[in-house]
Every structure is written in C-alpha cells, then in structure tokens.
There are 2 protein chains.
Amino acid sequence: VAGRGEFELIARIRRWVEAEHARDARGSSAGVAAAGTASEIVAAIGDDAALLRPPRGWDLVLTCDAQVEGRHFRREWMTPRQMGARAAEVNLSDIAAMGGVPIAALVSLGVPRDLTLPALRGIYAGLRRALGAHGAQVIGGNVTCARQLFVDVTLVGRVESGRALLRAGARPGDVVFVTGAPGRAAAGLAALRAGSAKGCAALQRCHTAPRARVAVGRFLVENSIASAAIDVSDGVGGDLAHICEASGVAIVLDETALPVDRGLARLARACGCDPIDWVTGPSDDYELLFTTRRARVDLALAMGASLGLPVTPIGRVLEGKPEVRLRRRTGALEKVAGGWDHLRGGDRGRG
Amino acid sequence: VAGRGEFELIARIRRWVEAEHARDARGSSAGVAAAGTASEIVAAIGDDAALLRPPRGWDLVLTCDAQVEGRHFRREWMTPRQMGARAAEVNLSDIAAMGGVPIAALVSLGVPRDLTLPALRGIYAGLRRALGAHGAQVIGGNVTCARQLFVDVTLVGRVESGRALLRAGARPGDVVFVTGAPGRAAAGLAALRAGSAKGCAALQRCHTAPRARVAVGRFLVENSIASAAIDVSDGVGGDLAHICEASGVAIVLDETALPVDRGLARLARACGCDPIDWVTGPSDDYELLFTTRRARVDLALAMGASLGLPVTPIGRVLEGKPEVRLRRRTGALEKVAGGWDHLRGGDRGRG
C-alpha cells in the first residue's frame with residue numbers, strides 16, 4: 001500500500017465492503033438469516049461514526065480482539081483471506097460464548113508499507129465472508145500505517161435481555177461439555193512449526209481457519225441449556241479455570257471421556273507426546289465449553305445430533321478450590337495446566 | 001511488561017479500571033452526569049464479552065480509532081496518561097460529531113516489551129480520566145505484545161433515535177461554523193518537531209492533550225441547531241470537504257472570519273509562514289465544524305456564550321462542485337488543500 005493515500009484506501013475499502021453487501025442482498029445464501037437488517041443498521045461506513053438501532057428486548061454484546069502479525073499469525077502460513085477471516089472468527093467466538101447473534105463489526109487495521117493492495121482486499125474479503133456467514137457486516141473502522149500488520153475487530157451482537165451465557169453460573173453437580181475435538185489447533189500449530197504438512201492439513205486448518213460456534217451459542221440460549229459457557233481461546237484447562245474462578249467451583253475432567261481427534265492422536269504418537277496435553281493444554285480451537293444442570297444433560301446431548309457436531313460430556317463441577325483437575329485412566333488426579341499466555345509463552349506466530 | 005503474563009496484566013488492568021470506577025462512584029465530580037449507569041452497563045470486564053442495555057428511543061453510535069506510536073504520537077512527547085487520554089479523546093470527538101452521549105469503551109492494546117508497568121497503568125489512567133469526564137467507562141478489551149505501541153479504542157455512545165448529526169445534511173444557504181481556534185494542533189506539532197517549547201506550551205498541548213467537544217455535540221442535537229457536522233480530525237479544509245462530498249454542496253470560507261489563535265499567529269510570524277495554512281490545513285484539533293440553516297444562526301452564536309467557548313461563523317454553503325474554497329482578504333478565491341493523510345503524508349509522530 002506504499003504511496004497510497006489514506007482517503008484512497010478508505011474509499012476502496014468502502015467500495016469492497018458495500019459491493020459485497022450488495023451482492024449478498026441480491027443472492028443471499030440459503031439458510032442464513034441476516035441479523036444486521038437494514039432497519040437495525042441505520043448508518044455504516046461514511047460518517048464520523050456508525051449508527052445501530054437494536055430491537056427491543058435485547059441486550060448488546062460487545063467484544064474486541066486484535067490479531068497481530070508474528071504474535072497470532074504468520075503471513076507465510078496464511079492467505080490474506082484467512083487472516084481476515086481469523087480476525088472475525090475469534091470475535092465471533094466470543095459472541096458465541098455469550099449466546100449472541102452477531103450484528104456488526106468495526107475494523108482497525110495497521111498496515112505495513114509492503115502489504116499489497118490485493119492482500120488488503122483479501123483481508124477484507126475474509127472478514128466479510130466470515131461475518132456474512134452469520135448475517136453480520138463491517139460498519140466502520142480505520143486504517144493506519146504500522147510496522148507490524150494488525151487487524152483489530154470490535155464485534156457487536158445481541159442476546160435476549162438477561163439470557164446471556166456467563167462464566168459465573170456453574171454449580172456443583174453440573175456436567176461439563178465441550179463441542180468438537182479441542183487441541184487440534186495446538187497440534188496443527190505444532191505441525192506448522194515443524195514444517196511438516198504431511199497428513200496434518202486438517203489440523204493446520206484448525207489454526208489457520210478456525211470457525212466460531214455461533215449456532216451452538218444460540219441453541220444453548222434458545223433452549224436454556226447452559227449454566228455457564230466460555231469459548232476455547234486459551235485451552236480447555238485454561239478456559240475452564242476461568243469458569244471455576246467466576247463460579248467459585250472446582251472442575252474434574254475424566255480422561256476417558258475427552259474427545260481425542262484421530263489426526264491429533266496420530267501426530268502425538270509420531271512426536272512421542274501425550275495427546276491429552278494438546279486436548280487440555282494451550283490451544284485456541286474456538287470450540288465452546290459449557291456446563292449444564294443434570295436435568296438438562298439430555299438436551300445438551302440432543303443438541304449435538306441436531307446441529308450435526310460432537311458435543312461431549314467431559315467432566316463434572318464440584319465444590320472446592322477453583323481449579324481444574326484431570327482424573328487419569330489410572331485413577332490419579334492431576335492439576336491441569338493453564339492456557340495460552342499471549343504475552344509470555346503464547347507467541348504462537350513466532351515459532 | 002516483559003516477563004509479565006497476559007492474565008496477570010488483565011487482572012491488574014481490571015483492578016485499575018474497577019478501582020477507579022469505585023472511586024468515581026464514591027465522590028463523583030460535580031456537573032458530570034454519568035451516562036453509563038449501572039443499569040445500562042449490564043456486565044463489563046470479566047466475561048467473554050460485555051453487555052449493554054441502552055434505554056429505549058436511542059440509537060447506538062459506534063466508532064473506533066487506533067493511535068499508533070511513531071504515527072500518531074511519540075513516546076518522548078507525551079506521558080502515558082496523555083497517550084491514553086488522547087486515544088479516548090479522538091474517539092470521544094467522533095461521538096461528539098454525531099451529537100452522541102459517550103457510554104462505554106473497548107480498548108485493544110499492543111504493548112512493546114520495554115513498556116513499564118507504571119506506563120501501562122498511566123495509559124489506563126488517562127483513558128479512564130478522559131472517558132470518566134463524560135460518564136463513560138472501559139467495559140472490555142484485550143492486550144497483546146507488539147513491536148509498536150498501539151492503543152485502539154472502540155467507543156459506544158447513544159443519540160436520540162433519528163437525531164444524529166450527519167455529514168450529509170448541509171444545504172446551499174447554510175452557514176458554516178467552527179468551535180475554538182483550529183490549526184493550533186498543527187502549530188503545536190510544528191513547535192514540537194522544531195524542539196522549541198518557548199512560548200508554545202499551549203499550542204503543544206493541543207497536540208498532546210486534545211479535548212473532544214462532547215458538550216457542543218449534545219447542545220447541537222438538543223437544540224436542533226446543526227444541519228451537518230464533523231470533527232476536525234484532518235483539518236478544516238479536509239473535513240469540510242467530507243461535508244461537501246456527503247451533502248453535494250460547495251463551501252466558501254471567508255479569510256477575515258477565520259478565528260486565528262494569537263499564539264499560532266506569533267509562531268507563524270516567527271516561522272515566516274501564513275497562519276491561514278495552519279488554520280485551514282492539516283491539523284487534528286478535535287474541534288467541531290457544523291452547518292446551520294440561516295434561521296438557526298442566532299442559536300448557534302448563543303451556544304458559544306452558553307458553553308463558554310468561541311463558536312465562529314467562517315463561511316457559507318453554496319450550490320456547486322463539492323469543494324472547499326477560501327475567499328482571501330484581497331477577494332481572490334483559492335482552493336483549500338485537503339487534510340491529514342495518515343498513510344502518506346500524515347506521519348505526524350515521525351517528525
């Protein structure tokens with residue numbers, strides 16, 4: 001983008017965003033309800049700020065997360081589209097963890113001078129595609145030069161008033177569930193770092209192209225299934241620890257119950273490491289973790305069938321010190337390590 | 001912050017933010033109505049996302065702007081408090097330009113390893129102070145390592161439904177107003193770059209410690225004064241050009257009417273340059289520009305007296321090509337240059 005003016009870039013970005021919205025409006029994909037309807041988004045890009053008019057009876061859900069080059073991704077591992085999509089998905093995942101409907105995003109972009117115009121366009125295409133899959137759209141943002149590429153997304157959603165899924169609702173006796181097979185992003189990242197793509201493409205995609213569980217969050221809210229919820233942005237152990245802290249409870253996971261992806265198990269064998277370390281340890285899979293009262297367990301299991309994805313009971317909520325432990329096959333009880341640390345150990349992109 | 005963990009920093013930030021809110025609640029400063037009341041902010045920091053429940057009859061106003069080290073500020077020119085405050089003010093200014101009441105902010109922070117913990121605390125103190133002056137507070141965000149310090153703020157406000165001040169409402173015959181004395185930030189920046197603080201402290205503060213005109217925006221909305229509005233984040237010429245584009249009108253400024261700050265005039269004489277270049281050229285003063293119908297001109301003038309700040313009619317809206325021209329004392333009509341370009345020429349912090 002070297003030599004391009006800010007206003008020129010903003011004008012281009014506006015055209016990209018609006019052209020894609022127009023295309024969506026003409027031939028919208030089946031099965032996706034547009035959340036950000038024309039009447040809800042009063043004004044988008046083009047003024048000092050955007051205007052929203054959310055319907056009555058809903059609370060707004062707001063989150064923001066920045067993806068920084070070398071920190072959260074490497075340009076050589078991902079296409080610009082994937083970078084944009086990832087920046088959207090990590091935020092969609094936070095809205096999902098609250099049970100919200102995504103509506104609109106504001107995007108702050110820091111672009112190095114060597115970023116090409118097609119790459120910039122790719123980032124927006126990825127953002128738009130990921131948001132558009134849930135009926136949400138880009139309504140504002142800004143672009144500035146920076147030495148390191150960063151994509152900071154603020155995402156606004158809504159949830160029926162008082163119905164948001166919080167971390168604080170878990171009670172002793174509740175059952176702990178997880179969607180999908182966590183740890184795959186960590187395994188995929190290990191494969192990327194080792195430079196061996198052989199047989200690991202699916203795992204690598206978990207790191208490069210994660211998908212937020214928005215439909216799960218909505219199902220949990222609409223059917224009053226979850227007592228607490230969080231997304232796996234740090235790792236099963238680290239994120240469940242947040243539920244323990246917020247709810248004042250302990251959690252014990254059952255090793256025999258943990259869903260272990262086959263590819264992950266294969267890679268672990270090849271590396272000579274314990275697959276359970278990937279499943280419970282630092283990994284940002286953007287799956288959902290939630291707890292349910294025992295009376296709602298059947299509903300949670302039925303949700304899996306209804307949405308066509310694995311939903312697995314992996315442990316129990318107990319009284320006690322707020323920490324996460326793992327009961328091994330052997331019967332031994334181990335403390336589970338914390339999650340990603342994006343400042344200390346967590347420089348995933350740096351290899 | 002080197003060696004500090006992400007969760008430790010987040011916990012600290014949460015304590016800083018919540019401690020300051022508690023202090024505000026105990027001894028709130030007179031004359032400032034808290035916009036983000038407890039009932040409006042349902043949940044702030046501490047879950048996957050924040051929850052807002054705005055009152056009925058209001059639209060939400062959303063904006064985001066990132067401040068990047070070396071781009072928008074230099075660490076050696078500003079204290080951490082000023083950096084934080086500036087990041088808040090540039091966003092407050094966008095809400096002001098829409099006529100909104102600021103409610104809540106989400107803050108994305110990219111911190112280099114050499115940033116100290118007291119500096120980080122200073123940034124949050126500055127953010128909190130600037131937001132708190134308008135009853136708004138930090139409700140969420142994230143922190144990550146970055147080679148360049150950046151502070152990206154998303155600010156949410158509200159405005160009575162359908163009453164937001166847009167850029168598109170100017171009509172031929174309208175009068176153009178500006179608050180304060182624009183150009184001072186550009187002059188202050190020139191003084192900072194030249195390294196001469198002598199007699200320029202007030203001008204330099206316009207760059208290092210700008211203040212958004214939130215009360216002006218509210219006054220304009222509550223008294224239906226403005227037909228269009230924008231904040232001076234690029235420069236009088238550049239920002240009025242946005243009004244011209246959006247409204248499909250021309251604007252002619254009158255040199256003899258432009259408010260010229262005395263310190264700015266003195267510095268211009270010392271530098272041998274035309275003070276009008278600073279007044280109309282690239283400068284981010286965060287003053288407000290607005291247009292009014294002729295019948296509302298007296299109200300606009302009365303607003304100045306009421307709020308205790310200069311509010312000056314500086315030109316007229318005309319039919320014609322959407323561009324901004326300046327009628328010189330001599331009668332000559334000149335095209336006014338555009339505003340800041342944050343990607344090309346606008347690397348203010350780089351000197």
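Reminder, nothing fancy here: chain letters follow the sequence lines and each chain counts from 1. Because only heavy atoms are used, hydrogens play no part in the values below, and waters and symmetry mates are left out as well, while side chains stay in.
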> So do the side chains of Val68(B) and Cys145(A) get within less than 4.5 Å of each other, counting heavy atoms only?
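No, every pair of side-chain atoms sits at 4.5 Å or beyond.
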> Kindly compute the distance separating CG (Asp65(A)) from CG (Asp48(B)), expressed to the nearest 0.5 Å.
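Result: 10.5 Å between the selected atoms.
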> Are Val159(B) and Leu51(A) packed together at the side-chain level, in the sense that at least one heavy-atom pair is separated by less than 4.5 angstrom?
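Val159(B) reaches Leu51(A) side chain to side chain.
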> Would you give the length of the straight line joining atom CZ of Arg56(B) to atom CZ of Arg56(A), rounded to the nearest 0.5 angstrom?
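Arg56(B) CZ to Arg56(A) CZ: 4.0 Å, rounded to 0.5 Å.
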> Nearest 0.5 Å, please: how far is CD1 in Ile103(A) from CG in Leu60(B)?
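Separation between the atoms: 9.0 Å.
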> Among Leu155(B), Leu166(B), Asp231(B), which has the most heavy-atom pairs under 4.5 Å with chain A?
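Of Leu155(B), Leu166(B), Asp231(B), Leu166(B) has the most heavy-atom pairs under 4.5 Å with chain A.
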> Can you tell me how far apart CZ (Phe150(B)) and CG (Asp152(A)) are? Round to the nearest 0.5 Å.
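Atom-to-atom, Phe150(B):CZ and Asp152(A):CG are 6.0 Å apart.
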> So which residue, Ser161(A), Ala164(A), Ala246(A), ends up with the most heavy-atom pairs under 4.5 Å with chain B?
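If we count pairs closer than 4.5 Å to chain B, Ser161(A) comes out on top.
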> Could you check which of Ala66(B), Gly140(B), Ala43(B), Ser93(B) has the highest count of heavy-atom pairs closer than 4.5 Å to chain A?
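Looking at each option in turn, the highest pair count goes to Ala66(B).
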> Rounded to the nearest 0.5 Å, what's the gap from CZ on Arg53(A) to CH2 on Trp58(B)? Could you check?
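Output value for this atom pair is 13.0 Å.
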> So which of Val61(B), Asp59(B), Leu62(B) actually passes side chain to side chain contact (heavy atoms under 4.5 Å, CB included) with Leu52(A)?
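When side chain to side chain contact (heavy atoms under 4.5 Å, CB included) is applied between Leu52(A) and each of Val61(B), Asp59(B), Leu62(B), only Leu62(B) qualifies.
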> Are Asn142(B) and Thr63(A) side-chain neighbours, meaning at least one heavy-atom pair lies under 4.5 Å?
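No, every pair of side-chain atoms sits at 4.5 Å or beyond.
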> Quick check for you: among Glu245(B), His242(B), Met98(B), which has the greatest number of heavy-atom pairs under 4.5 Å with chain A?
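Greatest number of close heavy-atom pairs with chain A: Met98(B).
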> Given that the side chain runs from C-beta out, which part of Ala229(B) has a heavy atom under 4.5 Å from chain A: side chain, backbone, both or neither?
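Interface part for Ala229(B): backbone (N, CA, C, O).
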> Measure from the side-chain N and O atoms of Asp47(A) to the backbone N and O of Arg167(B), and report whether any donor-acceptor pair falls under 3.5 Å.
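Indeed, once roles are kept as given, a pair shorter than 3.5 Å links the two residues.
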> Identify the heavy atoms of Gly141(A) and Cys64(B) that sit nearest to each other, and give their distance.
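Looks like CA-SG, 3.6 Å.
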> Please look at Ala50(A) and chain B and tell me whether the side chain, the backbone, both or neither of the residue comes under 4.5 angstrom of a heavy atom of that chain.
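Both backbone and side chain.
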> Is Leu165(B) close to chain A through its backbone or its side chain, or both, or neither, when contacts mean heavy atoms under 4.5 Å?
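Only the backbone of Leu165(B) comes within 4.5 Å of chain A.
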> Any chance you could measure Gln148(B), atom CD, to Arg147(A), atom CZ, to the nearest 0.5 Å?
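Rounded to the nearest 0.5 Å, the CD-CZ separation comes to 4.0 Å.
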> Glu89(B): what forms a side-chain hydrogen bond (donor to acceptor under 3.5 Å, both in side chains) with it, not counting sequence neighbours?
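Not a single residue meets the side-chain hydrogen bond (donor to acceptor under 3.5 Å, both in side chains) criterion with Glu89(B).
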